[in-house]
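Note: hydrogens, waters and symmetry copies are ignored here, and every other heavy atom, side chains too, is used. Chain letters run A, B, ... following the sequence lines, proteins first and then strands; every chain starts at 1.
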There are 2 protein chains.
Amino acid sequence: MIERPDAPKAAPAGSGARSLRRAVAMLTLIHRRGRPQSLAEMAQALSIPKSTAYDLLNAMLHEGLLTPADGTRFALGHRLHELGAGYRAQVDILREGARIVRALRDETGETVQLSAMEGPLMHVLMKEEGFRAVRIISNTGSRVPVNWAAAGRLLVSDLDDEGLRRILTSTVAPSPTGLAETDVDRLMDQIRAARAAGYAMEIGETNQHAGCVAAPVLDDDNKVIAALSLAAPEQRLNSPDRMILVTAARRAAADLGAALSACRNGQVTRR
Amino acid sequence: MIERPDAPKAAPAGSGARSLRRAVAMLTLIHRRGRPQSLAEMAQALSIPKSTAYDLLNAMLHEGLLTPADGTRFALGHRLHELGAGYRAQVDILREGARIVRALRDETGETVQLSAMEGPLMHVLMKEEGFRAVRIISNTGSRVPVNWAAAGRLLVSDLDDEGLRRILTSTVAPSPTGLAETDVDRLMDQIRAARAAGYAMEIGETNQHAGCVAAPVLDDDNKVIAALSLAAPEQRLNSPDRMILVTAARRAAADLGAALSACRNGQVTRR
DNA sequence: CCCGATTTTCCGGGATTTCGGAATTGCATC
DNA sequence: GATGCAATTCCGAAATCCCGGAAAATCGGG
């Protein structure tokens with residue numbers, strides 16, 4: 001197989017199973033829009049002919065991937081819950097993480113997220129809403145550039161200068177508020193500093209009047225495998241309370257690291 | 001295509017999107033077997049030609065439905081976790097239930113399950129393992145006949161005699177231990193009694209040396225919408241402790257019912 | 001280094017899905 | 001009951017995917 005020199009990566013897009021790809025596109029669309037969608041909306045958004053979309057729709061209903069919501073709209077189906085639970089059961093960090101994320105939320109009352117790297121982006125593995133309603137942009141499953149969050153600083157902090165610079169230059173983007181740091185050199189300084197400090201903090205970079213503190217989850221070799229972050233209203237992060245949050249996050253992250261280490265010494269893990 | 005006159009209703013099974021159906025079959029297979037599967041295993045188990053299976057496999061890897069596990073085996077992928085979380089966010093009972101299931105597990109130390117009806121079978125919506133290792137057959141997502149578990153007795157207890165008899169005759173089956181009641185008339189008596197008592201109990205019917213107690217989650221009209229069940233070793237269910245478990249389960253179920261009722265009066269719900 | 005077993009890729013005909021448009025149904029309004 | 005609009009079904013032709021088999025790559029030994 002001859003590779004075009006200017007397109008070194010294969011063009012994976014077009015490989016077979018079109019209906020499969022379109023099906024997950026429909027599911028993802030419903031998920032992203034956050035509410036049930038009618039068939040017409042989906043067909044239009046994804047440029048799928050309506051008659052074809054009906055075939056897919058029926059198949060997905062039949063498989064439990066979709067469920068009729070109201071009259072003419074459809075929502076994600078129970079089979080997805082089932083398979084999602086299966087994924088979670090395979091992965092230690094999600095099993096153990098659920099417990100610790102919730103405990104940290106209960107302890108601090110703030111919104112807690114657990115994140116890890118997925119490719120070049122930060123991936124939000126799970127989220128528990130705090131008692132006060134601090135609206136956070138990222139939901140479970142969303143992927144964002146590392147410069148948008150304090151957790152992102154920590155997640156990439158094991159890379160050497162060269163690899164770090166490559167990831168940053170290719171993924172850094174302005175945040176919704178426009179306040180996130182986008183200068184690669186300054187980011188690298190912040191990342192090194194955060195790693196040395198053992199935590200990271202950010203205020204207002206992605207959400208108005210809110211910010212977060214993050215702590216790294218380390219494996220046996222002190223590599224960062226995930227990050228716990230606490231999202232809180234701006235004033236709490238500027239108050240002396242701040243260090244309470246930092247301490248709570250660091251302790252929870254250390255607990256999670258220890259739990260995972262224990263897992264690994266007795267059980268099967270992935271990756 | 002010629003329709004057999006004696007099959008007037010369409011046979012919805014075979015409708016289009018073959019690759020989609022096969023894809024979920026592969027995912028379900030991995031989930032059921034509980035560990036990563038090689039392509040050869042899946043192709044063989046599902047009678048899919050190997051060359052076709054490769055196409056599906058690549059598409060699924062590309063979509064994040066599958067993830068390479070070890071060398072030649074594949075596990076469920078992160079996209080499933082993402083979509084599963086999306087499903088959960090839509091459904092009140094899963095959001096609220098997670099909290100209460102975990103609390104009940106922590107309070108009693110036993111394995112807790114939350115179930116609801118899905119068609120004619122009992123569907124295990126979520127499970128938290130107890131501290132002692134009581135092995136339970138059913139995992140999150142599995143569906144079993146209602147006569148296999150105490151929770152099943154409660155879930156169908158709103159049906160009238162006719163509907164109840166129909167479901168029972170069509171789904172009742174011997175349990176793994178062979179000890180579950182399979183006589184429809186006796187089952188109906190047990191179901192009516194359990195509903196009147198406000199809880200149900202079973203020992204050894206599906207798991208050796210273990211049993212469970214279950215309590216109904218009721219909506220505003222006192223209809224059963226789900227059931228919480230506690231699985232415990234046989235001796236604990238025969239001891240005076242038993243009533244502690246029953247009481248804990250009933251209280252937790254009532255809490256969940258109240259939480260859902262509160263949800264409904266302010267938020268959007270499905271169904 | 002060669003051999004055998006397994007995994008992965010490749011290929012051309014044939015089966016199925018897909019597509020666009022039109023026909024039909026369903027529903028609410030007039 | 002008539003009418004307009006959207007949802008759903010139906011259809012044949014065309015495009016695509018799927019299949020079986022066979023070749024190539026990969027991996028472990030001997």
Side-chain angles (χ1 to χ4, degrees), chain A residues 1-4 7-27 29-30 33 35-63 65-75 77, chain B residues 1-5 7-30 33 35-63 65-75 77:
Chain A
M1 191 161 287
I2 301 170
E3 297 278 340
R4 282 211 317 248
K9 279 268 215 69
S15 62
R18 179 165 49 176
S19 60
L20 176 55
R21 274 178 292 116
R22 301 222 257 210
V24 306
M26 288 170 74
L27 295 174
L29 183 72
I30 293 175
R33 298 211 171 155
R35 61 201 149 82
Q37 299 284 301
S38 77
L39 182 132
E41 288 169 315
M42 294 190 282
Q44 205 254 323
L46 302 170
S47 318
I48 300 176
K50 270 194 303 205
S51 46
T52 306
Y54 270 98
D55 286 345
L56 288 175
L57 182 100
N58 284 323
M60 290 204 276
L61 285 174
H62 195 67
E63 297 293 338
L65 299 176
L66 285 181
T67 260
D70 66 71
T72 169
R73 266 179 268 269
F74 301 88
Chain B
M1 201 154 285
I2 303 168
E3 294 279 339
R4 281 213 315 249
K9 275 265 215 73
S15 64
R18 180 163 50 173
S19 60
L20 175 55
R21 275 179 291 119
R22 301 223 257 212
V24 306
M26 288 170 75
L27 296 174
T28 306
L29 183 72
I30 294 176
R33 298 208 172 158
R35 63 203 145 83
Q37 300 283 301
S38 76
L39 182 131
E41 289 169 314
M42 293 190 283
Q44 205 253 322
L46 302 171
S47 318
I48 300 176
K50 271 194 301 218
S51 47
T52 305
Y54 269 97
D55 286 345
L56 288 174
L57 182 101
N58 283 324
M60 292 205 274
L61 284 174
H62 193 65
E63 297 294 339
L65 299 177
L66 286 181
T67 267
D70 66 71
T72 169
R73 265 179 270 269
F74 301 88

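- Distance check: B:I30 CD1 to B:F74 CZ gives 9.0 Å after rounding to the nearest 0.5 Å.
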Between the protein and nucleotides 8-10 of chain D, list the N/O to N/O atom pairs that are separated by less than 3.5 angstrom.
from, atom 1, to, atom 2, distance (Å)
D:dT8, OP2, A:Y54, OH, 2.7
D:dT8, O5', A:Y54, OH, 3.1

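- The side chain of B:R21 sits closest to C:dT17 out of C:dT7, C:dT18, C:dT17.
- Formation of a donor-acceptor pair under 3.5 Å by the A:E63 side chain with backbone atoms of A:L61 is not found in this model.
- Residue B:R73 has no polar side-chain atom (N or O) positioned under 4.0 Å from OP1 or OP2 of C:dT7.
- Of all heavy-atom pairs between A:L29 and A:A45, the closest is CD2-CB, 4.0 Å.
- Note on A:R18: a side-chain N or O is less than 4.0 Å away from OP1 or OP2 of C:dC19.
- Contact check for A:L20 versus B:M60: side-chain heavy atoms found under the 4.5 Å cut-off.
- Distance A:L56 CG to C:dT16 P: 18 Å, rounded to the nearest Å.
- Here the OG1-CZ distance, from B:T52 to B:R18, works out to 7.5 Å after rounding to the nearest 0.5 Å.
- Between B:E41 atom CD and C:dT6 atom P there is a gap of 13 Å when expressed in whole angstrom units.
- Rounded to whole angstrom, the span from the CG atom of A:D55 across to the P atom of D:dC11 amounts to 14 Å.
- Atoms CG (B:L20) and P (D:dC18) sit 11 Å apart, rounded to a whole Å.
- In this structure the side chain of A:R73 reaches within 4.5 angstrom of the side chain of A:E41, judged on heavy atoms.
- Contact check, B:S19 against C:dT17: no side-chain N or O comes under 4.0 Å of OP1 or OP2.
- Rounding to whole angstrom units, CZ of residue A:R22 and C1' of D:dA15 are separated by 12 Å.
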